[in-house]
Amino acid sequence: MGPPRRARGGKVVPGKGFPKEGIDPLAERQSNAEKTQIRGLSNSFLTSTSVATPSDPTGAVGRDYYVASWNTAWQIFNKDGSAIVGAPAASLATLFGEAPGDPIVLYDSAADRYIITQFSDSPNGFHVAVSQTNDPVNDGWHVYSSTDFQTGTFPDYTKFSIWSDAYYVTANIYGGTGQVFAIERDKMLDGDPAGIQAFDLPGWASPPMGFYSPQVFNVTDDNLPAAGSATVVIMQDDAYTGVAPGNDHLKLWEIDVDWTTPANSMISAAMEFGAAEGVSPFTAVFDGGDFSNLQQPSGPDIDAIQATIMNQAQFRRFGTHNSAVFNFTVDVDAGPGKLAGVRWYEFRQTADGMPWTLYQEGTYVAPEGRHAWNASMAMDSSGNIGMGYTSMSNTESVSLRYTGRFNGDPLGVMTGQEGLIAQSSGDSNSIRYADYSQLSVDPSDDATYYFVSEYFDPGRRDIVGVFTVDPAADDDVGVSSIDAPNNGVLGAAETITVSVRNYGINPQSNIPI
């Protein structure tokens, strides 16, 4: 069993919060939207067959490698998913001397470096390893321990982001108010002693003992913004203690860090985005804040991962504007039933450091009445959005799926037809599920998405699905699953049963396998 993250639910007032019944106001637009077939998966590969509960899947693609981690190990892969000879999976203790877990992997595209992190309670803080060069297989790591980056109180559920002037860290700190930390990026790239600064989130109504998960915008590519104005985002449901009824909203803050004179560092007042700024109402509370939420075909109801800006909030610069995209889980059916969907947003600013405005919002609902949650999303260089997520119903086990939208499509809708990455052959025996997923964009073409998350076959597995948001090819047929045999030792000749899907536009027959 993983560390006791999510041990305390958010402070929710029973009966408080709107809407009390009915469907999410954005869900119908998604359900009725015309969908476009997008190109099928180009690849998928396992990163782990984890025995941890949950597995905490994380990974990031770089120019040369895909680096993956999970509770409580890590491994480097070639980008085609093949294991690197002589570099098998290893405990996180091989980097940090201990392996408490909750890892996060990043790729700093501007520096061409790979980053691996995890939290620690000895002392309270977090570990960070930065590859010394762009070759993490052969050239070693600059390693910083929780002794270097202390937080005073245990930093649960840490999330990391890349910005021009720092690596930023958010944490769910019980009873504490220092929720955001900046660590000195420039020094860490050289392996020098690095500073750390802590920031409170002023004007925030969250209860100090509830679960929460801020995110700092993460630069997706190598086009870094001007220093300063690193933006933090958090969501607030009106069912929470301290939030006015009918005031579902988002809060944003901007941090300006000064490494030369730390006393000059500052964080802005909270910028609130609610109904007046175009943010539609949402219901982001499941079961009064408890973590046993979504029914599966067998076993306990599993965690919807509520109250969480999902890993990661992604930032990208374009010629005319900057964009940031992020998401969290909502209950699409606020009545007696429960249906998890993905509320997602794109915010824009006209230039670095300018005010943020809401550009579009949507609620993604999966086909066939399935739940959709545990999503991760990002933009490619063309302004298309890709999103991977988990889906499930009380008759269908966990599956990993993907969708997207083309730049210029009607606003607020994922217009791509859903694609399948992996279908579970079993169910979870625990309410704990994944804790997060991660989607990253290949810097080699700035268009290919690598999405990693957890499914069951029949035990916990972490798998990467590789896809692009491109129009479907005329002829595009692929194997969507290997159905039999499911296990055992294979001999010289076996009968293999597979399912085949037409991902393209033209009808197909007599398909060679």
Check: Ser391/Arg370 side-chain N/O donor and acceptor closer than 3.5 Å: yes

Given Ile173 and Phe181, is the side-chain contact (heavy atoms from CB on, under 4.5 Å) satisfied, shown in steps? CA-CA 12 Å; Ile173 294 184; Phe181 305 88; 3.7 Å; yes

What I'd like to find out is whether the side chain of Gln37 reaches to under 4.5 Å of the side chain of Ile505, using heavy atoms alone. no

Qualifying salt bridge (charged side-chain N to carboxylate O under 4.0 Å, His left out) pairs, either residue in residues 503-513, two or more places apart: none

Determine whether more than 12 heavy atoms belonging to other residues, nucleotides or ligands lie under 6.0 Å from atom CD of Glu34. no

Side-chain contact test, heavy atoms from C-beta onward, threshold under 4.5 Å: evaluate it for Tyr114 versus Val105 and give yes or no. no

Between His371 and Ala340, what is the shortest heavy-atom contact and its length? ND1-N, 3.0 Å

Between Tyr157 and Tyr212, does the ring centroid distance fall short of 6.0 Å? no

What are the two closest heavy atoms between Ile305 and Thr329, and how far apart are they? O-OG1, 3.9 Å

Look at Arg401 together with Glu396 and state whether they make a salt bridge at an N to O cut-off of under 4.0 Å. yes

Nearest atoms (heavy-atom pairs only) where Thr158 meets Phe119: OG1-CB, 4.1 Å

Which residues share a side chain to side chain donor-acceptor pair (under 3.5 Å) with Thr390, sequence neighbours left out: Asn374, Tyr433

Heavy atoms only: give me the nearest Tyr107-Ala60 pair and the separation to one decimal. N-CB, 3.8 Å

Kindly list each side-chain donor-acceptor pair under 3.5 angstrom involving residues 81-88, sequence neighbours excluded, with atom names and distances?
{"unit_1": "Ser82", "atom_1": "OG", "unit_2": "Asn78", "atom_2": "ND2", "d": "3.0"}
{"unit_1": "Ser82", "atom_1": "OG", "unit_2": "Asp80", "atom_2": "OD1", "d": "2.6"}

Any luck finding a side-chain donor-acceptor pair between Asn218 and Gln314 under 3.5 Å? yes

Do the ring centers of Trp344 and Trp373 come within less than 6.0 Å of each other? no

Give the C-alpha distance, both sets of side-chain angles, the deciding distance and a yes or no for ring-ring contact (aromatic ring centres under 6.0 Å, His included) between Phe286 and Phe291. CA-CA 8 Å; Phe286 291 78; Phe291 302 133; over 10 Å; no

Might you point out which heavy atoms bring Gly59 and Val452 nearest each other, and give the distance in Å? N-CG1, 3.8 Å

Can you confirm whether Val67 sits close enough to Gln75 that some side-chain heavy atom of one is under 4.5 Å from a side-chain heavy atom of the other? no

Partners meeting side chain to side chain donor-acceptor pair (under 3.5 Å) with Ser509 (sequence neighbours left out): none

Once salt bridge (Lys or Arg N to Asp or Glu O under 4.0 Å) is applied, do any residues pair with Arg343, and if so which ones, sequence neighbours excluded? Asp24, Glu361

Tell me, with the steps shown, if Tyr66 and Tyr450 meet ring-ring contact (aromatic ring centres under 6.0 Å, His included). CA-CA 9 Å; Tyr66 184 86; Tyr450 282 63; 5.6 Å; yes

Enumerate the salt bridge (charged side-chain N to carboxylate O under 4.0 Å, His left out) contacts for residues 111-123, please, sequence neighbours excluded, ordered by first and then second residue. Arg63-Asp112

Go through it in stages, so that I can follow the logic: the residues are Val441 and Val61, the test is side-chain contact (heavy atoms from CB on, under 4.5 Å), and I'd like the CA-CA distance, side-chain angles, deciding distance and then a yes or no. CA-CA 7 Å; Val441 184; Val61 63; 5.9 Å; no

So the side chain to side chain donor-acceptor pair (under 3.5 Å) pairs with at least one residue in residues 41-51 (sequence neighbours excluded) are Ser48-Asp462

Please determine if Lys79 and Asp442 form a salt bridge, counting it only when a charged side-chain N lies under 4.0 Å from a carboxylate O. yes

Side chain to side chain donor-acceptor pair (under 3.5 Å) partners of Asp445, counting only residues at least two apart: Thr448

Do Thr497 and Asp483 pair up side chain to side chain, a donor and an acceptor below 3.5 Å, judged on atom types alone? no

Is the centre of the Phe217 ring less than 6.0 Å from the centre of the Phe347 ring? no

Measure the CH2-OG distance between Trp74 and Ser69 for me, rounded to the nearest 0.5 Å. 9.0 Å

State yes or no: are the ring centers of Phe126 and Phe160 separated by less than 6.0 Å? yes

Rounding to 0.5 Å, atoms OG1 (Thr220) and CZ (Arg317) come to a distance of 12.5 Å

Counterpart residues, side chain to side chain contact (heavy atoms under 4.5 Å, CB included), relative to Asp221 (two or more places apart): Val219, Asn223, Arg316, Asp446

Just by distance, no angles: are the side chains of Thr283 and Asp331 close enough, under 3.5 Å, to form a donor-acceptor pair? no

Between Trp163 and Phe315, is the gap from one ring center to the other below 6.0 Å? yes

Are any of the side-chain heavy atoms of Ile511 and Ile513 separated by less than 4.5 Å? yes

Applying side chain to side chain contact (heavy atoms under 4.5 Å, CB included), can you list everything that pairs with Pro300, at least two apart in sequence or on another chain? Gln296, Ile431

OG on Ser453 to CG on Leu439, rounded to 0.5 Å: 10.5 Å

Any residue meeting side chain to side chain contact (heavy atoms under 4.5 Å, CB included) with Glu184, in chain and number order, not counting sequence neighbours: Lys187, Ala194, Trp259

Charged N to carboxylate O under 4.0 angstrom, Glu346 versus Arg405? no

Under 3.5 Å, is there a donor on one side chain and an acceptor on the other for Arg460 and Ser428? yes

Do Ser376 and Asn311 have side-chain atoms, one donor and one acceptor, less than 3.5 Å apart? no

Would a 4.5 Å heavy-atom cut-off, applied to side chains only, mark Tyr144 and Met188 as touching? yes

Any heavy-atom pair between the side chains of Val130 and Arg185 that's under 4.5 Å? no

So, for Ile196 and Asp148, which heavy atoms are closest and what is the spacing to 0.1 Å? CG2-O, 4.2 Å

For the residue pair Ser131 and Ile115, establish whether any side-chain heavy-atom pair is separated by less than 4.5 Å. no

Asp139: partners by side chain to side chain contact (heavy atoms under 4.5 Å, CB included), with sequence neighbours left out: Thr133, Asp135

Donor + acceptor pair across side chains of Asn71, Asp56 (<3.5 Å): yes

Say you draw a straight line from OG of Ser213 to CD of Gln179; how long is it, rounded to the nearest 0.5 Å? 11.5 Å

Taking the six-membered ring for Trp, are Tyr389 and Tyr364 closer than 6.0 Å centroid to centroid? yes

Under 3.5 Å, is there a donor-acceptor pair linking the side chains of Glu98 and His127? yes

Under a 4.5 Å cut-off applied to non-hydrogen side-chain atoms, are Thr36 and Phe406 in contact? yes

Neighbour count above 12 (heavy atom, 6.0 Å) for Asn487 CG: no

Any side-chain to backbone donor/acceptor pair from Ser55 onto Ala52? Under 3.5 Å, distance only. no

